[in-house]
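Notes to accompany the following structure.
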Amino acid sequence: AWADQLPASCLLLCECHGGTALETPEAAAAFFAPLDPERFRIIVHITGDADALSAWFVPLGPRIAHLHLQLRDTDPLTDVGRQRLDACARIVRAHGFHGTASIEFTRGIGPNESMDRLYANALVDLAAFRAAWSH
């Protein structure tokens, strides 16, 4: 009913993650199955966990319209961080993703956070994401 009140051109995105009604890929796939896939899409998170990301792309790949990039627990400048990010980029490419992405969180959020440090970390994350997607 809510969607019917919006212009037909309005793309509706659901942010699916833990702590929400659609916190698992299975729950999201069941919920979205009867809905128009061109209008009702989802946002998933890239945290550096390739297995978790793949779990979303396998059943819902065509519905994924936006990626929230968040490396609050992964430093992309380390070898491990780069490897984790590269693995996620391979999954996204393998599923033919052509949507949008934004940096949602970076290292340093929380108590005593510094805007300068957050911005500097976000710039590092942006460069790392661009590098991972370019190869």
Side-chain angles (χ1 to χ4, degrees):
W2 177 65
D4 292 339
Q5 297 175 44
L6 299 170
S9 61
C10 183
L11 182 63
L12 301 166
L13 303 179
C14 176
E15 185 174 3
C16 300
H17 60 71
T20 68
L22 302 177
E23 66 183 354
T24 66
E26 298 78 18
F31 176 83
F32 282 104
L35 300 175
D36 177 5
E38 294 302 315
R39 182 144 193 235
F40 295 88
R41 309 288 291 279
I42 66 171
I43 298 169
V44 297
H45 295 79
I46 293 184
T47 61
D49 183 339
D51 291 336
L53 182 61
S54 184
W56 286 97
F57 267 96
V58 170
L60 293 157
R63 282 210 190 255
I64 299 171
H66 186 74
L67 304 173
H68 272 170
L69 312 172
Q70 48 176 276
L71 295 183
R72 58 183 158 187
D73 299 323
T74 300
D75 185 342
L77 296 179
T78 67
D79 287 341
V80 170
R82 264 193 308 280
Q83 290 168 1
R84 292 177 71 193
L85 192 54
D86 286 346
C88 289
R90 282 192 299 275
I91 290 165
V92 171
R93 283 193 303 273
H95 286 276
F97 177 77
H98 293 291
T100 57
S102 62
I103 295 176
E104 184 178 30
F105 297 112
T106 190
R107 290 159 316 290
I109 61 168
N112 303 312
E113 64 189 20
S114 157
M115 289 299 124
D116 290 337
R117 188 175 59 164
L118 291 174
Y119 183 69
N121 287 343
L123 291 176
V124 168
D125 293 354
L126 178 61
F129 283 119
R130 285 181 172 162
W133 262 255
S134 69
H135 58 278

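Sequential numbering from 1 along the given sequence is applied to the chain's residues. All values below were derived from every heavy atom in this structure, side-chain atoms included, with hydrogens, water molecules and symmetry-related copies excluded.
Sorted by first and then second residue, the salt bridge (charged side-chain N to carboxylate O under 4.0 Å, His left out) pairs involving residues 67-78 (not counting sequence neighbours) form an empty list. Sequence neighbours left out, not one pair with a member in residues 40-53 passes salt bridge (charged side-chain N to carboxylate O under 4.0 Å, His left out). Among residues at least two apart or in separate chains, salt bridge (charged side-chain N to carboxylate O under 4.0 Å, His left out) pairs with a member in residues 78-106 are D79-R82. Contacts classified as ring-ring contact (aromatic ring centres under 6.0 Å, His included) and involving residues 71-108 (residues at least two apart or in different chains) are given here: F57-H95. Residue pairs meeting the salt bridge (charged side-chain N to carboxylate O under 4.0 Å, His left out) criterion with at least one member in residues 121-135, sequence neighbours excluded: R107-D125.
Interatomic distance, CD of E26 versus CZ of F31, reported as 16.0 Å (0.5 Å rounding). The distance from atom CG of L123 to atom OH of Y119, rounded to the nearest 0.5 Å, is 4.5 Å. Atoms CG and CG, from L126 and N121 in turn, are 12.5 Å apart once rounded to the nearest 0.5 Å. To the nearest 0.5 angstrom, R63 atom CZ is 6.0 Å from L35 atom CG. Rounding to the nearest 0.5 Å places CG of L85 at 6.0 Å from CG of L71.
Nearest heavy-atom pair across A28 and W56 is CB-CZ3, 3.7 Å. Of all the heavy atoms in A30 and P34, the pair that sits closest is O-CD, 3.7 Å. Counting all heavy atoms, side chain and backbone alike, A101 lies closest to L69 at CB-CD1, 4.0 Å. Residue C16 comes nearest to I42 through the heavy atom pair SG-CG2, 3.9 Å, listed as atom of the first residue, atom of the second, then distance. The shortest heavy-atom contact between V124 and P76 is CG1-CG, 3.9 Å. A pairwise comparison of heavy atoms in P25 and P59 identifies CB-CG, 3.9 Å as the closest pair.
R39 places a side-chain N or O within 3.5 Å of a backbone atom of C10 that can act as its donor or acceptor partner. Judged by distance alone, with hydrogens and angles left aside, the side-chain atoms of T20 form a donor-acceptor pair with the main-chain N or O of H17 at under 3.5 Å.
Using a 4.5 Å heavy-atom threshold, the side chains of L67 and T100 count as separate. A 4.5 Å side-chain heavy-atom check between C14 and F32 finds at least one atom pair inside the cut-off.
Residues passing the side-chain hydrogen bond (donor to acceptor under 3.5 Å, both in side chains) test with E15, sequence neighbours excluded: H45, H68. Scored by the side-chain hydrogen bond (donor to acceptor under 3.5 Å, both in side chains) test, D116 finds no partners at all (sequence neighbours excluded). For P62, there are no side chain to side chain contact (heavy atoms under 4.5 Å, CB included) partners two or more places apart in sequence or in a different chain. Partners of C88 under the side chain to side chain contact (heavy atoms under 4.5 Å, CB included) rule, at least two apart in sequence or in another chain, are I46, A50, L53. Applying the side chain to side chain contact (heavy atoms under 4.5 Å, CB included) test to S9 and every residue at least two apart in sequence or in another chain returns P7. Under the side chain to side chain contact (heavy atoms under 4.5 Å, CB included) criterion, L118 pairs with T106, I109, E113, M115, not counting sequence neighbours.
Using a 4.5 Å cut-off between side-chain heavy atoms of Ile, Leu, Val, Met, Phe, Trp and Tyr, with links allowed through other members, V80 and F129 fall into different hydrophobic clusters. Transitive grouping of hydrophobic side chains (ILVMFWY, heavy atoms separated by less than 4.5 Å) keeps I91 and V58 in distinct clusters.
Summarising the hydrophobic clusters (Ile, Leu, Val, Met, Phe, Trp, Tyr; side-chain heavy atoms under 4.5 Å, direct or chained), the residues clustered with I43 are L11, L13.
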